[in-house]
Amino acid sequence: MKLRLSPSECHRHLMNSLKPSLSYSGGNVKKWREKFGRKLRELIGDMPARRPPLNPRTIWRREHELGTIEKVVFTSEPFSDAPCYVCIPRTSRPPHTFFICLQGHSTGMHNSIAVSRNDEKTPIAVEGDRDFALGCMKRGIAALCLEQRSFGERRELKQPGGEEHGCHDATMHALMLGRTLIGERVFDVDRAIDYLDLRGDADMNCIGVMGNSGGGTISLFSAALLPRIALAMPSSYFCTFRDSIMSIFHCMDNYIPRLLKYGEMADVMGLFAPKPVVIVAGREDGIFPIAGTKRAFRRLKRIYAAWGAANRCHLVIGPEGHRFYADLAWPVMLQEVRRINPRFGSGKSPS
């Protein structure tokens, strides 16, 4: 008799026999969004009931060949300050189209402006088009590069396993407090939007979110949960949960208790419909396999079609692995930006 001793084998059996109870299966898509959206907000955990003053502080401001970069810190919630870079291209006039840029598991947000984390002045080479802010500025888009909790400057300095596993304690502690690290990171994105509103130079009708890997995770969940986001470009994340984070050893900050009982990743991204989304994936990505991405995208497309917005849902596939593909993704996204703001790129403010 074969003994079944592996917990993971048991979990795979449960997953394979599970049918998420709130996955979209047709019918009234507005009622589905309301019901599943309410459940997802419950699952990501408690968020602060009161938002303290942002108290933004400028750390430094520098001229760049593409425009101006300012380092700012704002208060997200008590005992939690969030550093960011605010990058304004020379070619843009207020109110600016802004993208919130999110790095994943890396040394931090400094990669978005391609400088050393140690001094923020020395240029560095950034692989995989992860210099998100510079990519935005080259295309006339302003960027707010947010340092995510447990990454970069917000990493735990005495974390067993080093920087690569710097989100372990924060994830576990959040769960014990009725929160999730995903929920906390989404809340920081929402507070970044509060900050953009406070600045007064952002087009609040044309705010996007983008990021790769762990940044793609929060791009997707932020788009699903934050109504002020108008455009989304998650990279190297969108797939099925069962083909990706449920199939391999992965960082614990990717998991939300009980989520798979109610919906798959296409359902989460589907909460963003009918707003425009550009999914970016790598053909050779071993973490988020392209076959699973294509399956999830077909389901996502059905949700967008139910809204009559199938043409607002895009999949861009690059030829390599786990990275962003700027030259392939941005032309598609810029078309969507111009749909929202026809004056984009004209050098004139929208009326």
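Note that the structure is predicted; figures quoted are calculated from it, not measured. Keep in mind that the numbers below use all heavy atoms, side chains included, and drop hydrogens, waters and symmetry copies.
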Enquirer: Please determine if E336 and R339 form a salt bridge, counting it only when a charged side-chain N lies under 4.0 Å from a carboxylate O.
Expert: yes
Enquirer: What class does the angle between the rings of F36 and W32 fall in, given that below 30° is parallel, 30 to 60° is tilted and above 60° is perpendicular?
Expert: parallel
Enquirer: Please answer whether the main-chain N or O of M265 pairs with a side-chain N or O of R299 as donor and acceptor at a distance below 3.5 Å.
Expert: no
Enquirer: I'd like to know if the side chain of Y325 reaches the main chain of G128, judged simply by a donor and an acceptor atom lying under 3.5 Å from each other, with no hydrogens or angles considered.
Expert: no
Enquirer: Between D253 and R185, does the salt bridge (charged side-chain N to carboxylate O under 4.0 Å, His left out) criterion hold? Intermediate values first, please.
Expert: CA-CA 10 Å; D253 65 346; R185 288 171 172 170; 2.7 Å; yes
Enquirer: Can you tell me if D129 uses its side chain to pair, donor with acceptor, with the backbone of A326 under 3.5 Å?
Expert: yes
Enquirer: Mind running salt bridge (charged side-chain N to carboxylate O under 4.0 Å, His left out) on E320 and R283 for me, showing each step along the way?
Expert: CA-CA 6 Å; E320 300 174 18; R283 193 176 305 279; over 6 Å; no
Enquirer: Side-chain atoms of residues 226-239: list all donor-acceptor pairs with protein atoms under 3.5 Å, sequence neighbours left out, distances to 0.1 Å.
Expert:
unit_1	atom_1	unit_2	atom_2	d
R228	NH1	D194	OD1	3.1
R228	NH2	D190	O	3.1
R228	NH2	D190	OD1	2.9
R228	NH2	D194	OD1	2.7
S235	OG	N212	OD1	2.7
S235	OG	R323	O	3.3
S236	OG	N212	OD1	3.1
S236	OG	R323	N	3.1
S236	OG	R323	O	3.0

Enquirer: Taking atom types as modelled and ignoring hydrogens, do the side chains of H110 and T107 form a donor-acceptor contact shorter than 3.5 angstrom?
Expert: yes
Enquirer: With no hydrogens and no angle check, is any side-chain donor or acceptor of T180 less than 3.5 Å from a backbone partner on I44?
Expert: yes
Enquirer: Should the heavy atoms of other residues, nucleotides or ligands under 6.0 Å from CZ of R61 be counted, would the total exceed 12?
Expert: no
Enquirer: So, S247 side chain and S244 main chain: donor-acceptor pair closer than 3.5 Å or not?
Expert: yes
Enquirer: Show which side-chain atoms of residues 131-147 pair as donor or acceptor with protein atoms under 3.5 Å away, not counting sequence neighbours.
Expert:
unit_1	atom_1	unit_2	atom_2	d
R139	NH1	G135	O	2.8
E147	OE1	M109	N	2.7
E147	OE2	E153	N	2.8

Enquirer: Would you give the length of the straight line joining atom CD1 of I100 to atom OG of S112, rounded to the nearest 0.5 angstrom?
Expert: 12.0 Å
Enquirer: Should the heavy atoms of other residues, nucleotides or ligands under 6.0 Å from CD of E127 be counted, would the total exceed 12?
Expert: no
Enquirer: More than 12 foreign heavy atoms under 6.0 Å from CG of D327: is that the case here?
Expert: no
Enquirer: For Y195 and R199, test the side chains for any donor-to-acceptor distance below 3.5 angstrom and give the result as yes or no.
Expert: yes
Enquirer: Show your reasoning for whether side chain to side chain donor-acceptor pair (under 3.5 Å) applies to H322 and S213.
Expert: CA-CA 8 Å; H322 193 71; S213 192; 2.8 Å; yes
Enquirer: Step by step, would you call E264 with D267 a side chain to side chain contact (heavy atoms under 4.5 Å, CB included)?
Expert: CA-CA 5 Å; E264 253 287 359; D267 298 301; 3.8 Å; yes
